[in-house]
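For reference, the structure is listed below as structure tokens.
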Amino acid sequence: MDFSIDAATAHRLAAFDRLGREQMRPLGLEADRLGRPTPPDHPYFQTLIGMGFGRTRWRPSRGERSRGEESSDKVGNSRATLLLSEQLSYWDRGVAVSAPGPGLGEGAIISMGTEDQKQRYLTPFINPDKPRWGAFAMTEPAAGSDVAGIQTRAIRDGNDWVLIGNKSFSGNSSRADFILVWATVDPSLGRAGHRAFLVEHGMPGLQDFHIERKMGLKAYESTSFRLEECRVPGANLLGGEAHYEKRAGFKGAMDTFNSTRPMVAAMAVGIGRSALDEAIAFARAEGMTDDPRIRDRLERAARKLRAARLLSLKAAWLADHRQPNIVEASMSKALAPTAAFEAASLGMELLGLAGARGDHLIEKLFRDVKAMDIVEGTGQIQRVVMARKLVDLPQS
Amino acid sequence: MFDMSLGEDLSLIQDQVRHFSTRVLHERHREFEERHEVPESVVAEFAALGLAGLELPETLGGAGLGALAKVLVLEELGAGDPGAALALDGLGAALYPLAELGGPAAIETYAVPLLDKPAARALLVWGDSERPGGNRKPLCGAHTCDGTIPWVPAQHADRVVVLDREGAAVLDSGFRFTPLKGSGLRAAGAAQLDFIDAPIRERWQDREGAARALARWQLHTAALMVGLMRTAAETSREYAMQRVAFGKPIAHHQALAFLIADMRSAVDATRILVQEAAWRADRGLPFTGAAATAFVEAVEASMFVTPNALQIFGGQGFMQDLPLEKYMREARTLGLLAGGVDLARDIAGTEVTTSSDGFALSPILAEES
Ligand SMILES: Cc1cc2nc3c(=O)[nH]c(=O)nc-3n(C[C@H](O)[C@H](O)[C@H](O)COP(=O)(O)OP(=O)(O)OC[C@H]3O[C@@H](n4cnc5c(N)ncnc54)[C@H](O)[C@@H]3O)c2cc1C
């Protein structure tokens with residue numbers, strides 16, 4: 001067993017701290033004050049590109065290895081990625097999500113996409129000329145947790161598909177080159193009817209972008225939009241027809257291990273650590289730390305964050321070794337947001353009425369952190385997922 | 001880089017102990033409880049596993065394995081019967097003050113001789129009777145110890161080590177055990193322990209060493225709690241899938257499904273805090289804050305897991321035909337050891353509020369290279 005970070009990762013973390021302190025945190029506070037996402041032409045995004053951010057992890061395959069197939073003996077390193085995400089969220093989670101890059105759909109494109117789709121949609125992210133975004137749109141006004149209930153229709157029309165429906169809260173979508181949109185060919189089929197489409201910015205019928213006004217995490221846009229008979233070429237059906245014939249929807253890919261949940265858990269830990277550091281600094285400055293009532297609560301917040309962090313790393317480690325991690329991944333995602341919320345809320349209590357002024361970093365973190373228990377599966381859904389594994393909880 | 005694999009040696013030890021613990025300790029835990037002891041045949045069987053010197057340095061005939069190996073072993077024993085675990089591990093946590101304060105010479109003088117006697121026991125007690133808001137009254141002075149420990153999980157001891165904030169004292173005489181019924185951990189015995197002008201054989205004054213010894217004791221106890229909680233959580237999980245109420249297994253009512261998921265999380269969270277703190281100790285890194293943290297979590301989590309495990313069994317859970325009530329009592333008593341949970345909160349909280357580096361709450365350290 002080993003609980004250390006390797007030197008290379010530690011080095012990168014240190015570099016992130018500078019970016020975080022000098023750019024991310026001020027930008028996050030600014031967006032929060034102005035109540036709008038950082039605009040896409042902001043020089044910060046260009047700076048990120050210059051630093052090597054905003055890139056895809058995909059590389060065109062040389063040779064005969066077929067799609068979706070990765071060498072299975074290679075140990076992944078999502079642990080390092082996880083620690084880096086945690087640290088970015090420590091400085092500002094909203095700003096971190098606003099960063100250019102192929103977005104939440106990247107994994108699905110890599111694992112399900114055809115070679116041609118990867119070429120077309122990921123190549124621009126290998127060495128981007130400018131900040132570029134990709135987006136992911138699953139959630140709808142009437143279906144979030146219950147993904148099987150999405151209503152956006154995909155109707156075949158010759159070689160094309162026509163998409164009709166509404167999507168909610170999709171991160172970075174109004175500025176994205178493409179949005180990975182999930183729709184259904186037949187709502188009565190549940191997940192088996194699901195199809196994913198690469199919808200490009202500017203395709204007719206992709207319209208009515210509405211940037212939501214959020215409680216927190218204001219630095220990135222969460223955008224709802226409409227698909228008004230949006231015509232998408234057949235070649236943009238993710239994975240092609242064959243993929244859906246072989247597999248009933250995309251469930252298979254999610255069944256054995258999951259690397260996004262630990263990542264989101266880590267982001268929550270980052271926010272929580274930030275709040276806790278501020279709370280401790282405040283308590284010290286005010287001479288409050290000798291009071292056992294206060295010290296005990298700080299201890300508890302630190303302890304819960306520490307456990308959540310270790311559990312997220314454990315889940316990532318399992319994924320890196322291609323071992324089943326569904327229970328562990330959901331566990332970390334269930335625990336981290338509440339631990340982080342507790343730290344932020346405690347910070348508010350210590351601030352007292354000064355927290356109610358609305359101009360303290362802790363107050364912002366308190367608003368930011370709540371989303372972490374909602375995105376990527378709510379806390380309740382994580383428990384449903386765990387219970388399916390632990391006690392065979394039926395699907396519905 | 002962060003890595004959870006145990007490696008061959010530790011996996012092997014873990015398997016061995018798990019086998020013994022399930023087959024012997026868990027099977028017979030009610031019998032041990034009733035007798036207030038573990039029979040000699042079981043002591044002998046445990047001795048044959050060769051774990052007594054697990055943490056002793058190789059130069060003194062031990063296996064030279066560290067705290068991580070120890071917490072793995074203790075989790076397995078705790079999963080079988082934590083009271084028996086205390087009885088079987090004759091040296092137990094008493095090793096820690098000897099090692100941290102007295103060094104190899106003390107181990108050689110006070111610990112090694114006990115290893116050769118199968119039923120010998122050394123007992124560690126916390127000698128600082130400070131209570132929140134109360135008066136502080138150390139058990140030991142410079143030459144003698146005087147006072148009463150209301151309960152110890154033992155009926156006899158060849159040697160007693162008294163640990164307090166200032167240091168530790170070794171005693172071989174002047175103490176008396178008065179048997180009690182005890183609340184939990186009866187397999188280890190239960191007694192009131194009186195010191196009457198008890199002569200100290202050797203005393204060390206060293207606050208830092210004492211803090212480390214206490215931290216190891218906290219880890220020792222927390223590891224037993226992890227095992228105990230694991231058994232309680234698993235037993236109730238399995239039952240909840242069988243028991244039907246209102247037309248479906250009770251586990252499929254979401255209130256219980258979520259509870260069971262949360263119980264599992266509580267066990268896993270505690271385990272990883274314990275393991276990380278043990279790893280720190282083995283690496284020579286500061287570990288007193290991490291160990292105190294793990295102990296607090298163990299106490300809180302075990303007071304969540306074990307009563308809920310009982311609750312899942314309903315009325316049966318309350319009956320002594322089933323082990324659930326015993327798990328709850330034993331979790332509660334384990335959490336009173338090692339100076340208690342408020343002491344651990346003080347230690348962990350002080351570390352959290354005084355460390356100078358924000359990232360220090362990080363359980364993770366960059367490789368020193
Ligand atoms: C800041 C932010 C960013 C987002 N970004 C994106 C994005 O980029 N792309 C995207 O597709 N979506 C995004 N979302 C949407 C997010 O994924 C959904 O909000 C989330 O999945 C919950 O769905 P819902 O809002 O429809 O709530 P519902 O599913 O309606 O849930 C309502 C409540 O019921 C509970 N509940 C639901 N089912 C069960 C059950 N079986 N058992 C017990 N309780 C249950 C939930 O836990 C919740 O508390 C974002 C959301 C936020 C807040």
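Since the model is a prediction, treat every value here as computed from it, not as a measurement. Each chain gets a letter, A, B and so on, in the order its sequence line appears, and its residues count up from 1.
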Legend entry - When A:L335, A:D320, A:L311 are compared by non-hydrogen pairs under 4.5 Å with chain B, the top option: A:L311
Inset, instruction - Go through A:M288, A:M1, A:Q380, A:M386 and name the one with the most non-hydrogen pairs under 4.5 angstrom from chain B. - result: A:M1
More than 12 heavy atoms of other groups within 6.0 Å of [X] [atom1]:
X	atom1	answer
A:H321	NE2	yes
B:D9	CG	no
A:R388	CZ	yes
B:Q16	CD	yes
A:R12	CZ	no

So which part of [X] gets closer than 4.5 Å to some heavy atom of chain B, the side chain, the backbone, both or neither?
X	answer
A:V384	both
A:L390	both
A:S330	neither
A:A281	neither

Measure from the side-chain N and O atoms of [X] to the backbone N and O of [Y], and report whether any donor-acceptor pair falls under 3.5 Å.
X	Y	answer
A:R284	B:T353	yes
B:R237	A:V391	no
B:H252	A:D392	yes

Inset, instruction - Test side-chain contact (heavy atoms from CB on, under 4.5 Å) on A:E299 and B:D346 and set out the steps. - result: CA-CA 9 Å; A:E299 182 279 324; B:D346 280 347; over 6 Å; no
Answer with side chain, backbone, both or neither: which region of [X] has an atom nearer than 4.5 Å to a non-hydrogen atom of chain A?
X	result
B:M4	both
B:Q254	side chain
B:T270	neither
B:A257	both
B:D282	neither
B:A292	neither
B:L68	side chain

Could you have a look at [options] and say which one has the most heavy-atom pairs with chain A under 4.5 angstrom?
options	answer
B:I260, B:T350, B:L273	B:L273
B:S265, B:A348, B:A269	B:S265
B:G289, B:A290, B:A294	B:A290

Inset, instruction - Decide yes or no on side-chain contact (heavy atoms from CB on, under 4.5 Å) for B:V352 and A:I280, but give the supporting numbers first. - result: CA-CA 8 Å; B:V352 167; A:I280 291 170; 3.5 Å; yes
Atom of [X], atom of [Y] and distance for their closest heavy-atom approach:
X	Y	result
A:N77	B:M1	OD1-CE, 4.1 Å
A:R306	B:T293	CD-CG2, 4.1 Å
B:Q275	A:F3	O-CE1, 3.8 Å

Inset, instruction - Sort out for me which residue in A:L83, A:D2, A:L82, A:L310 forms a side chain to side chain contact (heavy atoms under 4.5 Å, CB included) with B:F2. - result: A:L310
Inset, instruction - List in chain and number order the residues that pass ring-ring contact (aromatic ring centres under 6.0 Å, His included) with A:F366, two or more places apart in sequence or in another chain; answer none if no residue qualifies. - result: A:F341
Legend entry - B:D3 bridged to A:R79 by N-O distance under 4.0 Å: no
Inset, instruction - Dump the intermediate steps for side-chain contact (heavy atoms from CB on, under 4.5 Å) on B:R345 and A:R295, then the final yes or no. - result: CA-CA 8 Å; B:R345 284 196 180 96; A:R295 206 178 47 210; over 6 Å; no
Inset, instruction - Kindly state each residue pair satisfying salt bridge (Lys or Arg N to Asp or Glu O under 4.0 Å) with at least one member in residues 328-345 of chain A, sequence neighbours excluded. - result: A:R300-A:E342
